[in-house]
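Structure first, commentary second.
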Amino acid sequence: MASLKVHDKEFVPYINAKEIGEEVARVAAEINRDYEGKNPLFIAILNGAFIFAADLFKQINVEAEICFIKLASYKGVKSTGKVITAIGLDTEIYNRDIIIVEDIVDTGKTLSQFLPTLEHQHPASLKIAALLHKPSATIHEIKIDYLGFTIPDKFVLGYGLDYDGLGRNIKEIYQLV
Ligand code: IMP
């Protein structure tokens, strides 16, 4: 794996495809174990999580459903500041076992704003699966139930993650120099 240039920035190889595959398999095995006899609904957050969600879901062997949503933020009319809504969430989540699938939890801001919206609809349970976590970037603490890799606070791309639109199709994860 050689370094690569995307837009104006240089990236170096960080996590190879084999390592990613092994961690995705481990996360899938944990979920299969925990959800035996259940029928979880995976909610994958676009765009970044689409590759992780697909690879993970292929290895889920309990009865399961998946849907893909986009998050849009707007200013609340009250003093609550930004509100995040889900576009494309057309499946009932009341009393369902929900697993959110995220590419990366960075500051935690996105999920901290979105999770209350879901909790409001009273799922039976609500867990989070994330491929990557940057704990040193945390502003809003998020409990990640199923995690692939803990990484330092450095920008990464590949395997679904982009830099300004590019890089999502790269099979490995690269790190900004
Ligand atoms: P958070 O709200 O700060 O946790 O950020 C979550 C979102 O920011 C992720 O779902 C990604 O789409 C994006 N993001 C955060 N860090 C990176 C990165 O290093 N590379 C690419 N996208 C990132």
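Order of appearance sets the numbers: ligands from 1, and atoms from 1 within every ligand. Here, residue 1 is the first one in the sequence, and each next residue gets the next number.
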Original post:
When only distance counts, is V156 in polar contact with ligand 1, meaning an N/O pair under 3.5 Å?
Top reply: yes

Subject >> side chain to side chain contact (heavy atoms under 4.5 Å, CB included) evaluation trace for R96 with N39 >> reply: CA-CA 8 Å; R96 295 293 306 269; N39 172 22; 3.6 Å; yes

Original post:
Any idea which protein heavy atom is nearest atom 14 (N) of ligand 1, and the distance to it?
Top reply: I104 CG2, 3.7 Å

Original post:
Starting from atom 1 (P) of ligand 1, which protein heavy atom do you reach first, and at what distance in Å?
Top reply: T107 OG1, 3.4 Å

Subject >> Structural part of D162 in contact with ligand 1, heavy atom criterion under 4.0 angstrom >> reply: backbone

Original post:
At a non-hydrogen distance cut-off of under 4.0 Å, which region of L161 contacts ligand 1 (side chain, backbone, both, or neither)?
Top reply: side chain

**OP:** Look at atom 7 (C) of ligand 1 and find which of T110, T138, I151 reaches it with the closest heavy atom.
**Re:** T110

Subject >> Proximal candidate to atom 15 (C) of ligand 1 [heavy atom criterion; set D106, I84, L132] >> reply: D106

**OP:** Flag the pair N47 / D162 as yes when at least one side-chain heavy-atom distance between them is below 4.5 Å, and no otherwise.
**Re:** no

Subject >> F42 and F57 aromatic centres sub-6.0 Å >> reply: yes

Original post:
So does K38 pair up with E63, basic N to acidic O under 4.0 Å?
Top reply: no

Subject >> Under 4.0 Å to a heavy atom of D103 - the qualifying atoms of ligand 1, by number >> reply: 9 (C), 10 (O), 11 (C), 12 (O)

**OP:** Heavy-atom contacts with E102 under 4.0 Å: which atoms of ligand 1 show up? List them by number with element.
**Re:** 10 (O)

Original post:
Can you tell me if L157 has a non-hydrogen atom under 4.0 Å from ligand 1?
Top reply: no

Subject >> Within-shell test, K134 vs ligand 1, heavy atom, strictly < 4.0 Å >> reply: yes

Original post:
Is there a path of hydrophobic side-chain contacts, each under 4.5 Å between heavy atoms of I, L, V, M, F, W or Y residues, that connects L56 with I45?
Top reply: no

Original post:
Above 12 or not: heavy atoms from other molecules or residues under 6.0 Å from NE2 of H7?
Top reply: yes

Subject >> Nearest-0.5 Å distance that lies between atom CZ in F155 and atom CG in L161 >> reply: 7.5 Å

**OP:** Go through the steps to decide whether R26 and E23 satisfy the test salt bridge (charged side-chain N to carboxylate O under 4.0 Å, His left out), and finish with yes or no.
**Re:** CA-CA 5 Å; R26 180 185 54 76; E23 287 309 287; 2.6 Å; yes

